[in-house]
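Below: the structure, in structure tokens.
FYI, side chains are in, hydrogens and waters are out, and symmetry mates aren't considered; it's all heavy atoms of this structure.
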Protein chains: 2
Amino acid sequence: MPLDQHADIEISAFNWVPDFAQGFVRDLRPRWAMEEAGIAYRTTLLHAAEPRSETYIAAQPFGQVPVMTDGDLSIFESGAILLHLAEKSDILMPKDPAGRAATHAWLFAALNSIEPFMFELFFVHIVHADQEWAKLRKPSLEAFVHERLKPVSAALGDKEYFTGRFTIADIAMTTVLREIDRYLGLSGYPNLEAYLKRCMGRPAFQRALEAQMADFTGKAPEGFPA
Amino acid sequence: MPLDQHADIEISAFNWVPDFAQGFVRDLRPRWAMEEAGIAYRTTLLHAAEPRSETYIAAQPFGQVPVMTDGDLSIFESGAILLHLAEKSDILMPKDPAGRAATHAWLFAALNSIEPFMFELFFVHIVHADQEWAKLRKPSLEAFVHERLKPVSAALGDKEYFTGRFTIADIAMTTVLREIDRYLGLSGYPNLEAYLKRCMGRPAFQRALEAQMADFTGKAPEGFPA
């Protein structure tokens, strides 16, 4: 179990987020990567509804999680943290140039060609669900997301993982597809459904998810809707 | 001038895109990086409105540009291509761990924490501009984008570049902020306005932009609105 209060690596996470976000906060990505690679880490917990310190904002300008510190290094953005971890372990990324390039390409594909539209699904389905514009936007947005899922499904084909073997790109892609699955379902894409099940079935994913969930020990802010 | 028909590196670009996209296509990112680092490249041109070959889709699942080939390597996603180029030249990214981590963090910040909402601005201002939902969405979206620009402006402060020196993170951030500037303006953020002017004033940016524009020699498809 990589959680170790004496570990060199520390990540920030939340001790409270609204129910819809529990299990989906971005610290899941580095937790999962470190569980895969057997890298020990400890956590520092923040409350999502409380203000951040100046020190924290200096490390994470948007006030989000995760921030990783590794000795003297401080890194924000889960994509950058995944890259940093991948340089430590062949389990997370192959060392050969072609394997690295493919891992980088699919990592950015997940975070820059798919996740942006997952964010928009999140706005439409959760944040602004009761707004007229959100209802009107849904059909064209969902059609657009399908136009992105089709090539992703075709590119995966019958491979187990996007580059042929498990990498940090699969960590990013799984966390994005899992949210798309919440809003839209993936029933038109049997290979993506099987992929998501395969990735989420990895023991390291399950341990990371449990560790994130176990940290939600904080209280909802006063007046927060139940 | 890095354009060289005998270069090892090739990128794909377009010989035609609609007017609103000219000067903003993603091949601008690697062109700029290679102009900064003095890396020679050649181009292979596609027409945005014509179907892609199976070979191209195998290299770029979404059918977009750019794809980079460098000897035997084939890489897609402009973020991954920037990383690949940055490993070749200190001009694009420092070699020390702290400098690399900061470059990675700001590269992902540009592409995963800012650009997703620029895409939504693009939908609202260009693609779906005449739709009722787009008009209704604009105020909340613009407010959200400002909530992202404020911390970006605060993090830049009075530095010339995001990590203190020019890197690929500035290439990504400039290309994103430049589009936000088109839709929203940056007049509330004097340091971001000055930053954008500083980055776009770099001779390498200007050469990259001219090279992209010079490649638009193709014809609009029949019936395409003038």
Side-chain angles (χ1 to χ4, degrees), chain A residues 57-58 60-64 68 70-84 87 97-98 100-113 115-120 123-124 127-128 131-138 140-141 144 147-148 150-156, chain B residues 57-58 60-64 68 70-84 87 97-98 100-113 115-120 123-124 127-128 131-138 140-141 144 147-148 150-156:
Chain A
I57 293 294
Q60 216 300 349
F62 308 107
Q64 297 175 318
M68 169 175 281
D70 182 1
D72 291 339
L73 279 185
S74 174
I75 314 176
F76 70 102
E77 288 286 335
S78 59
I81 293 170
L82 287 178
L83 268 188
H84 177 74
E87 300 289 349
R100 282 170 60 92
T103 304
H104 291 170
W106 281 107
L107 174 65
F108 279 97
L111 300 187
N112 194 239
S113 289
E115 192 169 40
F117 313 105
M118 185 282 285
F119 288 144
E120 206 178 337
F123 287 147
V124 157
V127 184
H128 301 283
Q131 298 287 308
E132 184 62 15
W133 72 260
K135 292 166 196 164
L136 294 170
R137 169 57 168 153
K138 231 181 240 186
S140 60
L141 175 60
F144 184 91
E147 288 311 307
R148 286 286 155 121
K150 283 179 212 165
V152 169
S153 169
L156 179 63
Chain B
I57 292 294
Q60 216 301 351
F62 308 107
Q64 297 174 319
M68 170 175 281
D70 182 0
D72 291 339
L73 279 186
S74 175
I75 315 177
F76 70 103
E77 288 287 333
S78 59
I81 293 170
L82 286 178
L83 269 187
H84 177 74
E87 300 289 350
R100 280 170 61 91
T103 304
H104 291 170
W106 282 107
L107 174 64
F108 280 97
L111 300 187
N112 194 240
S113 289
E115 191 168 40
F117 313 106
M118 186 281 286
F119 289 145
E120 206 179 336
F123 287 148
V124 157
V127 183
H128 301 283
Q131 298 286 307
E132 184 62 16
W133 72 262
K135 291 166 197 165
L136 294 169
R137 169 56 167 155
K138 231 182 241 187
S140 61
L141 174 61
F144 184 91
E147 289 310 307
R148 286 286 154 120
K150 284 179 212 164
V152 170
S153 169
L156 179 63

Only pairs of heavy atoms separated by less than 4.5 Å count here; which of [options] has the most with chain B?
options                              : value
A:Ser113, A:Ala154, A:Ala98, A:Pro97 : A:Ser113
A:Gly63, A:Ser74, A:Ala80, A:Ala58   : A:Ala80
A:His84, A:Gln131, A:Glu87, A:Gln64  : A:Gln64

Side chain, backbone, both or neither of [X] within contact of chain A (heavy atoms, under 4.5 Å):
X        : result
B:Arg148 : both
B:Leu107 : side chain
B:Leu73  : side chain

Which atoms form the tightest heavy-atom contact between [X] and [Y], and what is the distance?
X        : Y       : value
A:Ala155 : B:Pro61 : CB-CB, 4.1 Å
A:Ala109 : B:Glu77 : CA-OE2, 3.2 Å
B:Ala101 : A:Ile75 : CB-CG1, 3.8 Å

Subject >> Heavy-atom side-chain proximity of B:Pro116 to A:Glu115 below 4.5 angstrom >> reply: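 Not in contact.
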Original post:
Among B:Pro151, B:Ala105, B:Ala134, which has the most heavy-atom pairs under 4.5 Å with chain A?
Top reply: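 Looking at each of B:Pro151, B:Ala105, B:Ala134 in turn, B:Ala105 comes out on top.
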Original post:
Given B:Phe108 and A:Asn112, is the side-chain contact (heavy atoms from CB on, under 4.5 Å) satisfied, shown in steps?
Top reply: CA-CA 9 Å; B:Phe108 280 97; A:Asn112 194 239; over 6 Å; no
Original post:
Between atom NZ of B:Lys135 and atom CG of A:Leu136, what is the distance when rounded to the nearest 0.5 Å?
Top reply: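 Reported to 0.5 Å precision, the distance equals 12.0 Å.
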**OP:** Give the C-alpha distance, both sets of side-chain angles, the deciding distance and a yes or no for side-chain contact (heavy atoms from CB on, under 4.5 Å) between A:Trp133 and B:Ser140.
**Re:** CA-CA 11 Å; A:Trp133 72 260; B:Ser140 61; 4.1 Å; yes
**OP:** Determine the interplanar angle of the A:Phe117 and B:Phe119 rings, folded into 0 to 90°, and report it as parallel if under 30°, tilted if 30 to 60°, perpendicular if over 60°.
**Re:**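 If you compare the ring of A:Phe117 with that of B:Phe119, the planes turn out parallel.
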**OP:** Go through the steps to decide whether A:Arg137 and B:Glu120 satisfy the test side-chain contact (heavy atoms from CB on, under 4.5 Å), and finish with yes or no.
**Re:** CA-CA 12 Å; A:Arg137 169 57 168 153; B:Glu120 206 179 336; 5.9 Å; no
Subject >> chain B contact via A:Leu83 - which portion, at a heavy-atom distance below 4.5 Å >> reply: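 Just its side chain gets close to chain B.
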